[in-house]
Every structure is written in C-alpha cells, then in structure tokens.
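Please read all numbers here as calculations on a predicted model, not as lab measurements.
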Amino acid sequence: MFRQEEVFIGGWQEKTIEAMRRRRFEQRVAQLAPLGAVRLEALPPAALSRKLEQSWQDVERKPMRAQQLSLVWKTVLSTIELQADCLSREEHELVERALILGGSAPIEDTLELDAARALSLRLWASVGLVSGKPVIELELPVLQPVARAFARPEHERLRQQLSELEGVLDGTLYRVGAMDDRQPQQLILRELFGACTHDELLIQLARRYLWASYDCVDYSGGVMLVHPALADPSCLIAAGRRKNGLLLPAAMSSPAPLDILPEEIPLQEGLERTIADALRDGCRAGDVARNLRFLCKQGAPLSALEEVLQESLIVYVSPAMRGALSNMYYMLPKWVESAECGALQ
C-alpha cells in the first residue's frame, strides 16, 4: 500500500524494518473509527462520496442513496471472480480467515492492516475498531460470492501462477531496492492473462495487485514499488529506476531465499556468530544481523551500524564484532552507497 510520509527523528535506529512497521501500525490504528461507523450503509453522504472517489472500483454516481448502494454491490459482484483471483497474498489470507470466522477477523500486524485497507477499497470491506482492536468485516453481499470464487478450480491455478510471479518480483525488488511499477504490470498481464493486453479492467487488476502487495510511493513519473526495509526511497527515485530488463523471466529466477543474496549469506552468518552470546533478552542474532544488513543496504554509515548494534548487546562492541560488521559494510551489495564506503572503492 501507499506509504505515508515519515520523519525519522531518532536516526538510523528508527529505520529498521521492525521499527517502521511498528510505528505505522500504531499510527494507522489511531486513525481508525469504530467498526460500525465505517460500514457502507452507515456513511453520511460526504463520506460516501469520498469513499466512491477512493475506491478501486469504477462506480457510476446515482442521485438516490439506495440506488447508489445497490450499484456499488452490483459493480463489485460483476467482477468478483477476477478480484478474488488477483488479491495480494495478505489480502487472500485475510479474506480466508474472515470467511472461516463468519465474516470478520482481527487484524494482527501492519501487513494485515495494509491488506485490510486494500480490501476496503477493492471489496468495500469495513475496517474499524472493536474494543480498541482493529478488525476487518466483509459485508454480507460479498461473503458467498467470494467464497464461491475461491472454490473454483481455476482460482487455485491462477493463485499458483501469482505466487511464482511474486517470487520473481520479490527477488528483483531485493536486488534493486525500488522500481517503477509498469514493467511488473506487463509481466503479470503477460504471464497471467496471456498477452500485453489493453483491457482496462485487467490493467487495473494488475496495478491494484502490485499496490496491495508492495510498499508504494508516488513520484513525478508514476508509482514506485519500494522494498519494505528501504526507509527513504527518494534517492533511488531521483536515480530513475525505470530501466528495462530489471525483471528476470520466471524460469531464470534464482532459487535462493528472497530476502538475501548468496554472496550476503556468509557476511550475515559471520556477524551472527560474533554476537550470538552477547545479546539482550528478547533479541535474536538472526534478527539483529538482518536489521543491520538492511540498514547497510540503504546507506547507513559504519558508525551508525555500530550504534544500532550496541543497543542490542549486553557488552560493548568487541573487535570481532566490529570486524564482522565492517566486512558486511564494505562487501555487501547496496541499494544506496554511503559516501564513506564509496570513497574507498
């Protein structure tokens, strides 16, 4: 989903993926109204108009409220199978859970809250607070139709294709940090629907799938997909990540884990070994080293990496730890090159 602008007052400590997601979850929950107040039928005229403008469905405007609500559900149900096929992974899992639980489900984290927000724009789901906790509720008109859409044999086939494409997109995004959303759109249209189609509905579905699946930011040339660990994508946007050939075909995609490159594995494992027995309660070596790797990839200076590491330790940073951290800093492929590292290369 689209990011809200952030000011990182606390420096690099505030730019870890966990810190960013925790902060966004708290901010977005604070913006939610009680669940009953956001149901479509409960919205006052001005709020309903705003909802229609924001929706991912093109709904014709009607003068009478009853006509307008009827047309909303008619529009949703006319494409419910395609919408169900093109949900993001998190959206799909959230809808499945809501169906199992009778139509509503609690929202546990930032990824689910982003998925719920997308579902409110795509399927007119209600997202609000119940006893201070965020909850998503699928409205009655879509419950049975979306369940039937999920049960179709072709739905499973399309979901498997999307999962394979997502692996390609995730791997590409990890390599480059941020990329324009138009080339991934064409990949989805070609692989899922058989051609670079000019069908506006299919184009919208591909676009909405990407916007629901990835962090997005607007820029002057369009929309940029951003790796979730990249706190400030402005420098990559300024560099113009619209080059052709960023995406590998599915058959050529790497079997390596999506969140680390093969050459990065020994660098992270080396850091993990040096810090494993010196961490504060609740800290895990893999998580700490992963956070430092992500900070390093987005241009954090070595001194900042050491400060972030120190906060996780019960001892002072040792020479062995500093050496492993330096190896990571100087040898890790980066999205953003820090000035001091670039000067030595």
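Here the closest non-hydrogen pair linking Y329 and L302 is CE1-N, 3.6 Å. E14 approaches A19 most closely through the heavy-atom pair O-CB, 3.9 Å. Listed here is the closest heavy atom pair of L292 and L271: CD1-CD2, 3.7 Å. Counting all heavy atoms, side chain and backbone alike, W124 lies closest to K51 at CZ3-CG, 3.1 Å. The two residues D215 and P228 make their nearest non-hydrogen contact at OD2-CA, 3.6 Å. Nearest heavy atom pair, residue L210 against residue P184, reads CD1-CB, 3.8 Å.
Counting heavy atoms of neighbouring residues, nucleotides and ligands inside a 6.0 Å radius, atom CD of E263 exceeds 12 of them. Within a 6.0 Å radius of CZ in R65, more than 12 heavy atoms belonging to other residues, nucleotides or ligands are found. The environment of CZ in R322 is crowded: more than 12 heavy-atom neighbours from other residues, nucleotides or ligands sit within 6.0 Å. Within a 6.0 Å radius of CD in Q67, more than 12 heavy atoms belonging to other residues, nucleotides or ligands are found.
In this pair, H155 and F150 present their aromatic rings parallel. The plane angle is below 30°, not in the 30 to 60° band.
For the 3.5 Å distance criterion, the side chains of Y174 and E264 qualify, holding a donor opposite an acceptor. Side-chain N/O atoms of Q298 and D232 include no donor and acceptor closer than 3.5 Å. Between E139 and S126, the side chains place a donor N or O and an acceptor N or O closer than 3.5 Å (distance only, hydrogens not considered). D181 and Y214 form no side-chain donor-acceptor contact under 3.5 Å, judged by distance and modelled atom types alone. Of the N and O atoms on the side chains of R190 and Q186, not one donor lies less than 3.5 Å from an acceptor on the other residue. One side chain, E200 or Q204, offers a donor N or O that lies under 3.5 Å from an acceptor on the other. Inspection of the Q268 and E272 side chains reveals an N or O donor paired with an N or O acceptor under 3.5 Å.
Note that CG of L35 and OG of S104 are 7.5 Å apart. Values are rounded to the nearest 0.5 Å. S213 OG to E90 CD: the interatomic distance, rounded to the nearest 0.5 Å, is 6.5 Å. Atom CH2 in W73 sits 12.5 Å away from atom OG in S78 (nearest 0.5 Å). Note that CD1 of I275 is 11.5 Å distant from CZ of R284, once rounded to the nearest 0.5 Å. For the atom pair CG (L261) and CZ (R293), the distance works out to 8.0 Å, reported to the nearest 0.5 Å. In this structure, I136 CD1 and L138 CG are separated by 5.5 Å, a value rounded to the nearest 0.5 Å.
Between E154 and R152 there is a salt bridge, with a side-chain nitrogen of the basic residue lying less than 4.0 Å from a carboxylate oxygen of the acidic one. Between R39 and E137 there is a salt bridge, with a side-chain nitrogen of the basic residue lying less than 4.0 Å from a carboxylate oxygen of the acidic one. Looking at E91 and R117, no side-chain N of the basic residue comes within less than 4.0 Å of a carboxylate O on the acidic one, giving no salt bridge. Looking at R290 and E18, a side-chain N of the basic residue comes within less than 4.0 Å of a carboxylate O on the acidic one, giving a salt bridge. Contact check on D114 versus R28 returns a salt bridge, with a Lys/Arg side-chain nitrogen under 4.0 Å from an Asp/Glu carboxylate oxygen.
When side chains are defined from C-beta on, R122 does not count as touching V76, because their heavy atoms never get closer than 4.5 Å. For the pair V127/V135, no side-chain contact is recorded, criterion being any heavy-atom separation below 4.5 Å from C-beta on. In this structure the side chain of K133 never reaches within 4.5 angstrom of the side chain of I107, judged on heavy atoms. Between R159 and H92 there is a side-chain heavy-atom pair separated by less than 4.5 Å. With contacts defined as side-chain heavy-atom distances shorter than 4.5 Å, the pair L305/C296 qualifies.
When hydrophobic clusters are built by joining Ile, Leu, Val, Met, Phe, Trp and Tyr residues whose side-chain heavy atoms come closer than 4.5 Å, directly or via intermediates, L94 is not grouped with V130. No chain of hydrophobic side-chain contacts below 4.5 Å, direct or via other Ile, Leu, Val, Met, Phe, Trp or Tyr residues, connects L143 to L82. Residues L205 and L87 do not share a hydrophobic cluster, defined by chaining ILVMFWY side chains whose heavy atoms lie under 4.5 Å apart. L101 and V95 end up in different hydrophobic clusters when Ile, Leu, Val, Met, Phe, Trp and Tyr side chains are linked at under 4.5 Å. In the hydrophobic clustering of this structure, L201 groups with Y209; members are Ile, Leu, Val, Met, Phe, Trp, Tyr whose side-chain heavy atoms approach within less than 4.5 Å, directly or through other members.
Each of E96, E166, E112 was evaluated against R89; a single residue qualifies, E166, per the salt bridge (charged side-chain N to carboxylate O under 4.0 Å, His left out) test. Results of the side chain to side chain contact (heavy atoms under 4.5 Å, CB included) test with L187 over T172, L192, L169 single out L169 as the only residue that passes.
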**Request:** Please lay out, stage by stage, how R21 and L111 fare under the test side chain to side chain contact (heavy atoms under 4.5 Å, CB included).
**Result:** CA-CA 8 Å; R21 283 179 171 168; L111 294 179; 3.8 Å; yes
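In summary, the aromatic rings of F294 and H227 are positioned with their centroids under 6.0 Å apart.
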